[in-house]
Amino acid sequence: MKRSKWAAAAALLGVVTLPGCTTVEPWERGNLAKPHMALDSNPIQTASREHINDSRQAMPSGSSAEGGGCGCN
């Protein structure tokens, strides 16, 4: 009985999420390139803060392969 509930839930999830998969036409890509659509609204400031934080902690974050606590990466 539990297996059928899981199968029904998986089928429902597939039916709900599959219509969201679509190709974006070239003339529609401009809408996705707008600043308010970005995951990070200010990537330069974020990179600067990560660099300062890495220097203070004397270890690199997961986003970079740099290292050193002296801040001279």
Side-chain angles (χ1 to χ4, degrees):
M1 184 119 178
K2 280 188 172 187
R3 185 172 285 191
S4 64
K5 287 183 181 180
W6 282 106
L12 178 65
L13 182 66
V15 168
V16 170
T17 58
L18 281 178
C21 299
T22 184
T23 57
V24 179
E25 299 299 331
W27 57 86
E28 296 173 330
R29 292 183 185 157
N31 293 331
L32 298 175
K34 293 183 180 176
H36 65 274
M37 294 293 289
L39 294 175
D40 188 2
S41 61
N42 196 344
I44 295 173
Q45 184 179 16
T46 302
S48 176
R49 286 184 180 173
E50 285 180 359
H51 177 74
I52 292 168
N53 192 29
D54 292 347
S55 298
R56 288 181 182 168
Q57 291 184 0
M59 64 181 285
S61 64
S63 64
S64 65
E66 303 167 353
C70 63
C72 54
N73 295 331

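Only a predicted model underlies this, so the values are computations on that prediction, with no experimental measurement involved.
Applying the side chain to side chain donor-acceptor pair (under 3.5 Å) criterion to N31, with sequence neighbours excluded, gives no partner residue. S48 is linked by a side chain to side chain donor-acceptor pair (under 3.5 Å) to nothing, counting only residues two or more places apart in sequence or in another chain.
Atoms NE2 and CZ, on H51 and R56 in that order, are 11.0 Å from each other to the nearest 0.5 Å.
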